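In what follows, a structure is listed as structure tokens, so that the remarks can point back to it.
Atoms within each ligand, like the ligands themselves, are counted from 1 in listed order. Everything quoted here is computed from the prediction, not taken from an experiment.
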Amino acid sequence: MSKRRAHIVGWGKYVPARVLSNADLERMVETEDEWIVTRTGIRERRLRTETDTTTSMAVNASRDALKVAGLEGKDIDLIIVANSSPDYLLPGPANFVQHELGASCPAFTLAGGCSGWVYSLVTANQFIETGAYRNVLVVGVEIISFAIDYTDRSTCILFGDAAAAVVLQPSTDGAGVLSFELGSDGGLAKNLWVPGGGTVNPVSQQVVDNREHYIRMNGQEVFKFAVRQLSSSLHNVSTQAGLSPSDLDLIIPHQANLRIIEAAAERLRLPLDKFYVNLHKYGNTSAASIPLALVEAIQDGRVKPHDRIGMVAFGSGLSWAGAVVKMGVNVPVANPEALAVGAAD
Ligand code: UT7
């Protein structure tokens, strides 16, 4: 019998209805659709409506994920919500999500920026491997627009709001988290940060006047870090899983910038079509980015039973997190023969 691992048995997403297109941004800051598309690949992103909250978006995605898994809120043993844009400074959204879902389990928020969901997936895997918990809900949700300065053209074009969730359960048939790598280089922290509103520089009129409550980013430094980390982490997690990156059936990179993905693909000598991309529709949704792409890849029929999927996130910290996850048999099968072929591997 294989080692017990956390594998994905349910998935769901929620994207707000409001669309912010490149044409809309042209009316807000000095930019052009062509510049944004050429430099990033992003065409539009979603923004929360008046009725969306961090909790409501997470709950919507979670309800769908639980439905796919055939579970109800009361069946969940642990909830981890990856989020850096909470409804309130305290508590984080995980406790509200737990209450709204009718669950009576432990819940915590992991504030890891864009790497937060993969950090949460790996954390959940530890609890499942040890046998501590059985049904674990891992959500990635951001209303990151609240921390965006819509007068700063170098950041406001990049980000959007979204939520996505998966349900994990123990498997003993080899499916699940095969390998992972977590990393942090805090020496680079101030390349992507919010300088005001914390204990060093608490909210004040001056903080607001200086727009220090918004994200500040050194785009070129983050770009270089991202290309380096995306390629090296994909290499490392593949090797740990006994694979080469070309053996991966699909790669779900953090959806930050198409040029970052292209550069990493080139470094690894992999065709671009191995990478799932949906950033043209949503931009960078931070902690929601990888789960949202995973859910859409499954819904688009890009994921088959037994597929080995590489995921790598990077972002504030600066931090990174990668994993290889082998899917079980519970993904929708377009061609049932694929199931028999996959099972024989
Ligand atoms: O989860 C991680 C999140 N962060 C990231 O992934 C960010 C990684 N970095 C990037 O994606 C890119 O660095 C950006 C898309 C942010 C910027 O692209 P770039 O090719 O690195 O541009 P740049 O910063 O070198 O700027 C080139 C020029 C500058 O003008 P000058 O100084 O050459 O006159 C900028 O002022 O482009 C200008 N620029 C813009 N022009 C039109 C910056 N933003 C815009 C804009 N529209 N939105």
Heavy atom of the protein closest to atom 5 (C) of ligand 1 (residue, atom name, distance): Val222 CG1, 3.7 Å
Shortest protein contact, atom 37 (O) of ligand 1 (heavy atom only): Trp35 CZ2, 3.3 Å
Does the protein place a non-hydrogen atom closer than 4.0 angstrom to atom 29 (C) of ligand 1? no
So, 4.0 Å and heavy atoms of Ile36: is ligand 1 close enough to count as a contact? no
If we number the atoms of ligand 1 from 1 as shown, the ones under 4.0 Å from a heavy atom of Thr40 are 15 (C)
Geometric N/O contact Thr31 with ligand 1, under 3.5 angstrom: yes
Just wondering, are more than 12 heavy atoms of other shown residues or ligands nearer than 6.0 Å to OH in Tyr150? yes
Protein residue, atom and distance nearest to atom 27 (C) of ligand 1, heavy-atom basis: Arg39 NH1, 3.8 Å
Please determine if Gly219 has a nitrogen or oxygen closer than 3.5 Å to a nitrogen or oxygen of ligand 1. yes
Test your reading of the model: is there a side-chain donor-acceptor pair from Glu26 to the backbone of Asn22, 3.5 Å cut-off? no
Run the contact test for Ile260 against ligand 1 with a 4.0 Å cut-off on heavy atoms, strictly below, and give the result. yes
Can you tell me which residue and heavy atom of the protein come closest to atom 11 (O) of ligand 1, and the distance to 0.1 Å? Asn257 ND2, 2.8 Å
Quick one: does any side-chain atom of Glu142 pair with a main-chain N or O of Ser84 as donor and acceptor, under 3.5 Å? yes
Under 4.0 Å from a heavy atom of His254: give me the atoms of ligand 1 that qualify, with their elements. 1 (O)
For Cys114, the ligand 1 atoms whose distance to one of its heavy atoms is below 4.0 Å: 1 (O)
How about atom 48 (N) of ligand 1: does it have a protein heavy atom within less than 4.0 Å? yes
With heavy-atom distances below 4.0 Å as the criterion, list the atoms of ligand 1 near Ile157. 48 (N)
Would you mind running through ligand 1 and noting each atom that sits below 4.0 Å from a heavy atom of Arg259? 20 (O)
Determine whether a donor-acceptor pair (N or O, by modelled atom type, separation under 3.5 Å) exists between the side chain of Thr109 and the backbone of Ala94. yes
Mark whether atom 32 (O) of ligand 1 lies under 4.0 angstrom from at least one protein heavy atom. no
Phe314 heavy atoms within 4.0 Å reach ligand 1 at atoms 1 (O)
Geometric class of the His254/Phe314 ring pair [parallel <30°, tilted 30-60°, perpendicular >60°]: perpendicular
Backbone N/O of Leu248 and side chain of Ser238: donor-acceptor pair under 3.5 Å: no
Using the rule salt bridge (charged side-chain N to carboxylate O under 4.0 Å, His left out), only one of Arg5, Arg134, Lys3 pairs with Glu129; which is it? Lys3
Would you confirm whether Asp87, through its side chain, and Pro93, through its main-chain N or O, come within 3.5 Å as a donor-acceptor pair? no
For Gln220, is at least one N or O under 3.5 Å away from an N or O on ligand 1? yes
Test log, rule side chain to side chain donor-acceptor pair (under 3.5 Å), inputs Thr55 and Thr53: CA-CA 5 Å; Thr55 293; Thr53 65; 4.8 Å; no
Note: Arg46-Asp161 ion pair, threshold 4.0 Å (strictly below): no
Residue pairs meeting salt bridge (Lys or Arg N to Asp or Glu O under 4.0 Å), one or both in residues 49-59, sequence neighbours left out, come to none
Is any heavy atom of the protein nearer than 4.0 Å to atom 15 (C) of ligand 1? yes
May I ask you to identify the nearest protein heavy atom to atom 4 (N) of ligand 1, giving residue, atom name and distance to one decimal place in Å? Met217 SD, 3.4 Å
Provide, to 0.1 Å, the distance between atom 35 (C) of ligand 1 and the closest protein heavy atom, together with that atom's residue and name. Arg153 NH2, 3.8 Å
Is there a donor-acceptor pair under 3.5 Å between the side chain of Arg43 and the backbone N or O of His280? no
Any protein heavy atom sitting closer than 4.0 Å to atom 23 (P) of ligand 1? yes
Please list the nearest protein heavy atom to atom 6 (O) of ligand 1 with its residue and the distance rounded to 0.1 Å. Ala256 CB, 3.4 Å
Is there a donor-acceptor contact under 3.5 Å from the side chain of Asn135 to the main chain of Asp77? no
For atom 2 (C) of ligand 1, find the nearest protein heavy atom and state the residue, atom name and distance (0.1 Å precision). Asn284 ND2, 3.8 Å
Determine which pairs satisfy salt bridge (Lys or Arg N to Asp or Glu O under 4.0 Å) with at least one residue from residues 143-159, sequence neighbours left out, and list them in order. Asp149-Arg211
